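Let me begin by presenting the structure, written as structure tokens, before commenting on it.
Computed from a prediction, not measured in an experiment: that's the story for all the values here. Heavy atoms only: backbone and side chains are in, while hydrogens, waters and symmetry mates are out.
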Amino acid sequence: MMKMPALLASPLDGRAVLRLAFLASIIVTVLPYGSVYPFFGHLAAATQGALLAAGLFIPIDNPALSRLFWSTLWLTLALAGWVLVQAAFFAGNPLAHPIWATANGLTGGSGGSLSVAPGDTLAALPALITPLLVFLNGLVLVGDERDARRLWRQLCFFGAIVAGVAILQFVLLPKTLLVGEKEFYRDSLTAVFVNRNNAATFLGLTVVGLAALLVQQWRDLEHKDLLRRLYEINLRRRDRYFRFFSLAAAAAIVLLALFLTKSRAGIGASFVALVFISVLVARTRGRQSMTTAKRLGLIALQVLAITLVFLTFSSRTIQRFEESGLDDPRWCSLASVREAIADQPLGGTGFGTFEQVFPLYRSIECGIVGVLDRAHNSYLEGYLGLGLPFAMAVVAAVFLILPALMQGYRSRRRQRSFPISTMAATLLVALHSFVDFPLQITGVSTFYAALLAAGISISLGRSSRPEPRHA
């Protein structure tokens, strides 16, 4: 009797292969300029779709993760379906945008769609669903807690490698981006991205992820008499210290790269995220043995240390802020975006149509210099394109994500740093999205979605295998 191939004989082996493919897909999505160009974005969507098709045959043993998976899948299908409704073009369309009546009066046509540019709306669909597909794949493939921690570490180490190589290229080849000529932001580090703000978000997410690993490793150390213990003949203990200092060195490299981006919003959002982590970690540390006064003192010392580090190494960013202040054309444009939303508040103008709609509403008070291809506020741009369903989707996402992370924060003990850092990562991208568009870049959104899936898997699940003492 013929034996089955190894991949088919063991579901766990098949899942391991898919996990490897999943990690590779994240890396491949981030590296080519954050997949900002359509070809790479569409390739990422196709890859995640294929992985999800394979992952649907893998059962999710954890009921909480299973409910979250199916809720997210229905949300993804609903958003994709709404985009298709927006792009549907036919005669007598009752949802057609008013602009089509004007166009048909000039051309003699009779068709219309809710979107002012249905072709652009369809082309933008992959960017909308790719991070959701990544999140779904993450829940399926890393539902086991140990696998989730492994994915978390792999993502953080990948981010640290990107940061290290980016620093070398910025110092040695400042006019080069990857293998081509760097056209924009030559005075700032942009890593593998075109825009320094997107690079700052990616690096901020990486340092937040490393913070979880550092807290975890620090708790595993017997850190009394630290210097003396470094010289003890105990290979296991030395290995723990080596891991801790390796993580600290990686975090320092990523922080240096973050400061070199000179992104005001990216650095500021990362600062808030790290303060958030320090406060929650100190709040839960030694809850029984520490008095409230000692805990508040520890929080104050940690926040002061983080503040001093950021003030010391962000001098160029602070100088940039002092020179330009709040005088930025993007702030003036937001009023025009709100005016456009007010004209079509329910159905939107079609996902991905900002470039076509905004010039019609651009205020002369904002000047005529420069071309804005994005709103620099993902919430307003999302609402402009998708209408009321966008707001509903954001609320649904909050109610799906936040309870899961809060459950992890309340119920986990040794692994609590992971839900804390996942909440901090979400806070980082949420804050930065008010003044920029990090999650509209596929490379950034997929990296965040993968971290989120790993963090939630740790929050809601426990490994069926014996948990090792050291994560």
Side-chain angles (χ1 to χ4, degrees), residues 19 61-65 68 138-139 141-157 160 205-226 229 234-248 250-251 273-291 294-295 298-299 302 401-427 450-471:
R19 279 199 302 269
D61 297 328
N62 186 311
L65 285 178
L68 180 60
L139 294 181
L141 300 178
V142 297
D144 182 280
E145 183 182 314
R146 185 182 299 181
D147 294 330
R149 292 199 305 268
R150 182 183 297 114
L151 174 64
W152 186 286
R153 288 194 300 269
Q154 290 167 338
L155 291 171
C156 291
F157 291 153
L205 288 172
T206 301
V207 78
V208 164
L210 287 168
L213 298 176
L214 277 168
V215 171
Q216 186 76 6
Q217 196 63 41
W218 177 254
R219 285 177 171 173
D220 286 341
L221 294 178
E222 298 176 18
H223 41 73
K224 294 181 179 179
D225 301 324
L226 178 60
R229 291 185 181 275
N234 186 320
L235 295 179
R236 185 176 181 182
R237 186 174 288 120
R238 283 189 178 184
D239 184 57
R240 296 177 200 169
Y241 282 111
F242 176 77
R243 288 200 297 267
F244 175 78
F245 286 113
S246 297
L247 288 170
L274 290 176
V275 168
F276 178 86
I277 293 174
S278 69
V279 170
L280 287 192
V281 168
R283 182 177 179 274
T284 56
R285 183 184 176 190
R287 183 169 290 179
Q288 302 299 326
S289 59
M290 294 181 66
T291 64
K294 287 184 178 180
R295 190 174 296 111
L298 178 61
I299 291 174
Q302 290 182 166
I401 292 172
L402 189 58
L405 294 177
M406 288 304 299
Q407 178 176 330
Y409 173 71
R410 288 191 296 263
S411 64
R412 305 314 307 264
R413 293 295 182 267
R414 295 187 62 257
Q415 311 299 332
R416 184 176 284 148
S417 62
F418 291 100
I420 289 176
S421 286
T422 308
M423 285 189 281
T426 303
L427 178 63
L451 273 178
L452 180 63
I456 285 183
S457 295
I458 296 171
S459 297
L460 296 181
R462 290 182 178 274
S463 176
S464 58
R465 293 168 286 184
E467 182 179 332
R469 182 179 178 185
H470 303 291

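- Interatomic distance, Leu205 CG to Ser421 OG, rounded to the nearest 0.5 Å: 11.0 Å.
- A side chain to side chain contact (heavy atoms under 4.5 Å, CB included) with Cys156 is found for one member of Val207, Leu213, Leu151 and no other, namely Leu213.
- Leu214 is linked by a side-chain contact (heavy atoms from CB on, under 4.5 Å) to Phe244, Leu247, Ala248, Ala251, counting only residues two or more places apart in sequence or in another chain.
- For the pair Arg412 and Phe418, the cation-pi criterion (under 6.0 Å, within 45° of the ring axis) is not fulfilled.
- Shown here are the side-chain contact (heavy atoms from CB on, under 4.5 Å) partners of Thr206, two or more places apart in sequence or in another chain: Phe202, Leu210, Val254, Phe447.
- When side chains are defined from C-beta on, Leu451 does not count as touching Thr422, because their heavy atoms never get closer than 4.5 Å.
- Under the side-chain hydrogen bond (donor to acceptor under 3.5 Å, both in side chains) criterion, Ser278 pairs with no residue at all, not counting sequence neighbours.
- Remark: the backbone N or O of Arg414 is paired with a side-chain donor or acceptor of Gln216 at under 3.5 angstrom.
- Screening Ile420, Ile458, Ile456 for a side chain to side chain contact (heavy atoms under 4.5 Å, CB included) with Leu405, the sole residue that qualifies is Ile456.
- Look at Arg150 and Glu145 and you find no salt bridge, because none of the NZ, NE, NH1 or NH2 atoms lies under 4.0 Å from a carboxylate O.
- Remark: Ala273 pairs with Val208, Ala424, Leu428 by the side-chain contact (heavy atoms from CB on, under 4.5 Å) rule, at least two apart or across chains.
- A donor-acceptor contact shorter than 3.5 Å links the side chain of Asn62 to the backbone of Leu460.
- Side-chain atoms of Asp147 and Leu141, non-hydrogen and from C-beta on, never get closer than 4.5 Å to each other.
- The two atoms that bring Gly138 and Ser457 nearest to each other are O-OG, 4.3 Å, heavy atoms only.
- The closest donor-acceptor contact from the side chain of Trp152 to the backbone of Gly455 lies at 3.5 Å or more, if one exists at all.
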